[in-house]
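This report concerns only the one structure given below.
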Number of protein chains: 2
Amino acid sequence: MSDEKNVHTFTISQIADELDISTRTIRFYEEKGLIKPGRTAGNQRIYTPRNKARLKLILRGKRFGFSLDEISEMIGMADTDMDELAQIEKSLYFGEAKLKEIQDRKKELSLLEQDILATRKKLLQRFRELKHTATTNNKKENM
Amino acid sequence: MSDEKNVHTFTISQIADELDISTRTIRFYEEKGLIKPGRTAGNQRIYTPRNKARLKLILRGKRFGFSLDEISEMIGMADTDMDELAQIEKSLYFGEAKLKEIQDRKKELSLLEQDILATRKKLLQRFRELKHTATTNNKKENM
DNA sequence: TTTATAATTAACGTTTACGTAAACTATATG
DNA sequence: CATATAGTTTACGTAAACGTTAATTATAAA
């Protein structure tokens, strides 16, 4: 009994189902160098939990409007040569920048929230005006 | 002296400069029904501060990955017939949904932040390892 | 009033992020 | 082992969100 890859792995469709994306999407991310799953003897992709976590991270970035290019800068290209100092320094540098962006987005998120609340307030105001008019008219009609 | 439109207005390129977008983008948003500026006698677009504010709102939504279609649902189509109860109710309904989304995004934003911080930690770890190795090697070489 | 800028419409082009179909191979199952 | 099911590559298709001419008209400046 060798302990070779004892971690349970997943097929592409298992991942797709779980993350609610298409297999095409997963392969597309691989094409772009964002993930790098292993292969079976028969050349089929196998995903480790680590691969899955990375995909989740990518999807999280997407939900914030980051482009795939930005995301790859953010989390680093597929673990190809993550071992050179220069590469690491670059990633660190980018990470800092992205952290700042996230701070900004947090602020903007609040602004957006305020905008929506303000809009809602106006709408409710208008809504009541209209209802009042309608009520008034109804009363007239009922007299 | 009539008080006709005493508010200072802007040309399309003034708006473009100020909001740092292209005139094409502004016209495109108009095509999609998101804004509805006035026109001069010579058929050129004129933007009121209100129009400008609306554009800012659109851009804010964009920064959060909302599509233009979603944004138009969010802030209501160009003030054409914003006066029917049904329309207002729909907008209110959407507003609530979007507020919830914003709550979710706030949470995810923190998660993304944590991910980046975790990545940074690992990178720094690896960084130090490499530097140590380099130092060790140098010491050997210098002996 | 001429002329340099700026704006308008129309239409085709481009990038991103996948969708979809075809032709083929691997794997699972009765 | 036959065959249904799942996975692979290749390649063309597509929607969204503008970019980029081009041809024409307005407006501002000298």
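Below, chain A is the first sequence line, B the second, and so on; all start at residue 1.
Using a 4.5 Å cut-off on side-chain heavy atoms (C-beta onward), Arg128(A) and Leu124(A) make contact.
For the 3.5 Å distance criterion, the side chains of Thr48(B) and Asn51(B) qualify, holding a donor opposite an acceptor.
In this structure, Thr25(B) reaches the dG19(D) phosphate: one of its side-chain N or O atoms is under 4.0 Å from OP1 or OP2. OP1 and OP2 of dA7(C) both lie 4.0 Å or more from every side-chain N or O belonging to Arg45(B). Taking 4.0 angstrom as the limit, Tyr29(B) places a side-chain polar atom (N or O) nearer than this to OP1 or OP2 of dC18(D). Phosphate contact (OP1/OP2 of dC18(C), side-chain N/O of Lys62(A), threshold under 4.0 Å): present. For Thr23(B), no side-chain nitrogen or oxygen approaches OP1 or OP2 of dA7(C) to under 4.0 Å.
Distances were taken from every side-chain heavy atom of Asp69(B) (C-beta onward) to each of dA16(D), dA6(D), dT9(D); the shortest belongs to dA16(D). Picking from dA17(D), dA17(C), dG19(D) the nucleotide with the shortest atom distance to the side chain of Ser67(B) gives dA17(D). Picking from dT8(D), dT27(D), dC18(D) the nucleotide with the shortest atom distance to the side chain of Leu68(B) gives dC18(D). Comparing dG7(D), dC18(C), dT9(C) by their nearest atom to the side chain of Arg27(A) picks out dG7(D). For Thr11(A), counting side-chain heavy atoms from C-beta on, the closest listed nucleotide (dG7(D), dG19(D), dG19(C)) is dG7(D). In the set dG19(C), dT8(D), dA17(D), the nucleotide with an atom closest to the side chain of Phe28(B) is dA17(D). Here the nucleotide nearest the side chain of Ser13(B), chosen from dA6(C), dT9(C), dT9(D), is dA6(C). Comparing dT9(C), dG19(C), dG19(D) by their closest approach to the side chain of Ser22(A) singles out dG19(C). Comparing dT9(D), dT27(C), dT9(C) by their closest approach to the side chain of Gln44(A) singles out dT27(C).
Note: Phe10(A) CZ to Leu55(A) CG = 11.0 Å, rounded to the nearest 0.5 Å. Rounding to the nearest 0.5 Å gives a distance of 4.5 Å between CG of Leu34(A) and CD1 of Ile58(A).
Residue Phe66(B) contributes atom CZ, which lies 18 Å from atom P of dA16(D) at whole-angstrom precision. Going from atom CG of Leu55(A) over to atom P of dA17(C) covers 15 Å, rounded to whole Å. One can place CD of Glu70(A) at 14 Å from C1' of dT15(C), the figure rounded to the nearest angstrom. Atom-to-atom, CZ of Phe10(B) to P of dA7(C) comes out at 14 Å; the value is rounded to the nearest Å. Here the P atom of nucleotide dT8(D) and the CD1 atom of Ile46(A) are 11 Å apart, to the nearest Å. Going from atom CG of Asn43(B) over to atom P of dT24(D) covers 17 Å, rounded to whole Å. The distance from atom CD of Glu31(B) to atom C1' of dT9(C) is 10 Å, rounded to the nearest whole Å. Regarding Ile12(B), its CD1 atom lies at a distance of 13 Å from the P atom of dC18(D), rounded to whole Å.
Here the options are Arg54(A), Lys36(A), Arg45(A), Arg24(A), the test is salt bridge (Lys or Arg N to Asp or Glu O under 4.0 Å), and the partner is Glu30(A); only Arg45(A) passes.
Ion pairing of Glu113(B) with Arg120(B) is absent here, as no side-chain N (NZ or NE/NH1/NH2) approaches a carboxylate O to less than 4.0 Å.
Between the side chain of Arg24(B) and the base of dT20(D) there is at least one donor-acceptor pair of N/O atoms closer than 3.5 Å.
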